[in-house]
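Model, not experiment: these values are computed from the prediction.
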Amino acid sequence: MRPPVLRPGPGMAPKLSDSVEGLRAAGNQSFRNGQFAEAAALYSRALRELEAQGSLNPGEESILYSNRAVCHLKDGNCKDCIKDCTLALALVPFSLKPLLRRASAYEALEKYPLAYVDYKTALQIDDRVTSALEGINRMSRALMDSLGPEWRLKLPLTPLVPVSAQKRWESLPSECRRERAKSKLRETTTAKSRVPSAGDVERARVLKEEGNELVKKGNHKKAIEKYSESLSFSDVESATYSNRALCHLVLKQYKEAVKDCTEALRLDGRNVKAFYRRAQAYKALKDYKSSFEDISCLLQLEPGNGPAQKLQQEVNQSLN
């Protein structure tokens with residue numbers, strides 16, 4: 001005779017599944033409810049269950065460590081977050097979520113060199129991730145303030161991400177990043193690129209200023225040469241690319257303007273001038289959809305930007 005099935009009464013909670021999948025699902029639900037400590041406990045139970053089964057499933061184990069890590073991060077427990085992210089990455093190297101979560105924890109602990117390396121590694125995997133782009137910008141400023149002009153020489157080595165781990169051509173979750181998949185992305189990684197010295201950075205700055213002066217005088221062709229020379233010394237300044245894009249626009253070199261604006265946005269995803277100038281270039285190329293997307297992104301950053309609002313109306317008319 002089969003035992004009767006016990007159903008939960010009004011005051012009883014349903015029995016929690018002891019399977020790894022069930023525990024992870026319950027942990028996800030607790031996390032969504034803002035119950036981070038409870039979610040972390042459920043992920044821990046799932047990890048113990050996985051160990052008890054004796055089955056090798058590094059992917060599942062890595063996800064559970066990464067999920068528990070974000071619970072620690074939400075609760076301000078940055079040290080345990082770092083530990084869990086490191087365990088997750090040991091199981092599945094170059095996983096994006098644990099890299100970004102560990103970078104956030106390092107940043108919160110003011111371990112800026114380590115945060116910079118994790119953000120930079122994440123950008124090798126997918127150079128359209130806004131949180132990593134913004135993190136790089138924050139870390140660059142913090143490291144310049146704390147370590148001086150030669151701060152890049154004092155960083156730990158950034159690991160080289162294999163091509164198999166890169167996600168450059170996946171569909172993007174945000175319309176403000178979708179447009180970047182249209183552009184040719186850099187294939188050279190940070191580990192391979194030359195680290196500019198303090199002298200290189202200063203020379204690049206001087207050349208950029210010379211380019212700016214030439215723009216004021218209306219000599220855009222010569223200004224392009226100065227900006228290009230500046231970038232040959234140091235190619236990490238977003239404004240240099242967006243300034244050169246302006247010159248290309250004036251000279252009606254619209255495809256070159258698009259390329260420079262795309263590079264500027266890769267370095268600084270909040271470069272309003274780059275969004276505006278690329279929208280202008282796309283409009284001139286009659287790619288009105290891409291132009292509209294750039295203007296929309298710009299207006300999310302600066303809702304009251306008058307020139308962008310005017311350009312949006314013009315592009316809207318062309319779309320309709």
Side-chain angles (χ1 to χ4, degrees), residues 127-128 130 133 137 175-186 188 196 200-320:
D127 62 4
R128 301 155 297 184
T130 301
L133 287 164
N137 291 332
E175 65 175 11
C176 291
R177 286 175 278 167
R178 190 185 307 123
E179 38 78 22
R180 298 188 190 185
K182 300 173 185 175
S183 307
K184 184 178 179 181
L185 301 171
R186 279 188 172 181
T188 53
D200 289 338
V201 172
E202 177 59 22
R203 182 63 178 149
R205 185 191 66 78
V206 171
L207 287 163
K208 185 184 81 168
E209 291 302 322
E210 290 178 7
N212 293 347
E213 290 301 315
L214 287 165
V215 169
K216 292 175 185 177
K217 294 175 182 178
N219 193 343
H220 295 92
K221 187 174 181 180
K222 190 68 176 176
I224 287 175
E225 294 176 9
K226 288 292 182 181
Y227 291 136
S228 299
E229 191 178 353
S230 171
L231 290 166
S232 72
F233 284 95
S234 175
D235 61 354
V236 296
E237 179 63 48
S238 176
T240 308
Y241 283 106
S242 55
N243 288 0
R244 190 171 69 176
L246 172 63
C247 300
H248 286 309
L249 273 174
V250 173
L251 297 173
K252 298 184 179 180
Q253 298 166 345
Y254 301 121
K255 291 182 179 179
E256 288 80 1
V258 167
K259 289 178 183 178
D260 273 353
C261 289
T262 300
E263 193 62 25
L265 288 165
R266 187 188 72 81
L267 292 164
D268 179 3
R270 300 178 67 85
N271 187 327
V272 169
K273 290 181 179 178
F275 272 125
Y276 183 72
R277 289 165 186 170
R278 190 167 64 177
Q280 288 179 302
Y282 277 138
K283 179 175 179 283
L285 292 167
K286 302 188 187 307
D287 186 351
Y288 302 119
K289 182 180 178 183
S290 296
S291 180
F292 188 83
E293 287 178 357
D294 273 351
I295 301 165
S296 298
C297 290
L298 189 162
L299 290 172
Q300 287 182 25
L301 297 170
E302 290 187 4
N305 189 306
Q309 291 172 344
K310 182 180 177 182
L311 183 59
Q312 186 181 49
Q313 290 174 358
E314 294 172 1
V315 173
N316 240 336
Q317 290 174 357
S318 298
L319 281 169
N320 298 327

Straight-line distance of [X] [atom1] to [Y] [atom2], nearest 0.5 Å:
X: R244; Y: C261; atom1: CZ; atom2: SG; value: 10.5 Å
X: N137; Y: L133; atom1: CG; atom2: CG; value: 7.0 Å
X: C297; Y: R278; atom1: SG; atom2: CZ; value: 8.5 Å
X: T240; Y: E209; atom1: OG1; atom2: CD; value: 9.0 Å
X: E293; Y: Y282; atom1: CD; atom2: OH; value: 8.5 Å
X: Q253; Y: D260; atom1: CD; atom2: CG; value: 10.0 Å

Contact between [X] and [Y] at the side-chain level, heavy atoms closer than 4.5 Å - yes or no?
X: Y254; Y: L249; result: yes
X: L251; Y: I224; result: yes
X: I295; Y: V315; result: yes

Can you see which heavy atom on [X] is nearest to which on [Y], and at what distance?
X: Q309; Y: L299; answer: CG-CD2, 3.9 Å
X: A204; Y: F233; answer: CB-CB, 4.1 Å
X: S291; Y: A279; answer: OG-O, 2.8 Å
X: S242; Y: A239; answer: OG-O, 3.1 Å
X: D235; Y: L267; answer: O-CD1, 3.7 Å
X: G269; Y: F275; answer: O-CE1, 3.5 Å

Review point. Given the rule in the side-chain hydrogen bond (donor to acceptor under 3.5 Å, both in side chains) test, do N316 and Y288 qualify, once you have shown the distances and angles that lead to the verdict?
Key: CA-CA 8 Å; N316 240 336; Y288 302 119; over 6 Å; no

Does the [X] side chain pair with the main chain of [Y], one donor and one acceptor, at a distance under 3.5 Å?
X: D268; Y: A264; result: no
X: Y276; Y: N271; result: no
X: S296; Y: F292; result: yes
X: R270; Y: L301; result: no
X: H248; Y: L246; result: no

Exercise for review: Let me see the working for L207 and E210 under side-chain contact (heavy atoms from CB on, under 4.5 Å), right down to the final yes or no.
Suggested key: CA-CA 5 Å; L207 287 163; E210 290 178 7; 3.8 Å; yes

Check your understanding: Among all residues two or more places apart in sequence or in another chain, which pass the side-chain contact (heavy atoms from CB on, under 4.5 Å) test with K222?
Key ->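 Here the qualifying residues are L214, N219, E225.
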
Check your understanding: Please walk me through it: do E256 and K259 pass salt bridge (Lys or Arg N to Asp or Glu O under 4.0 Å)?
Key -> CA-CA 5 Å; E256 288 80 1; K259 289 178 183 178; 5.9 Å; no

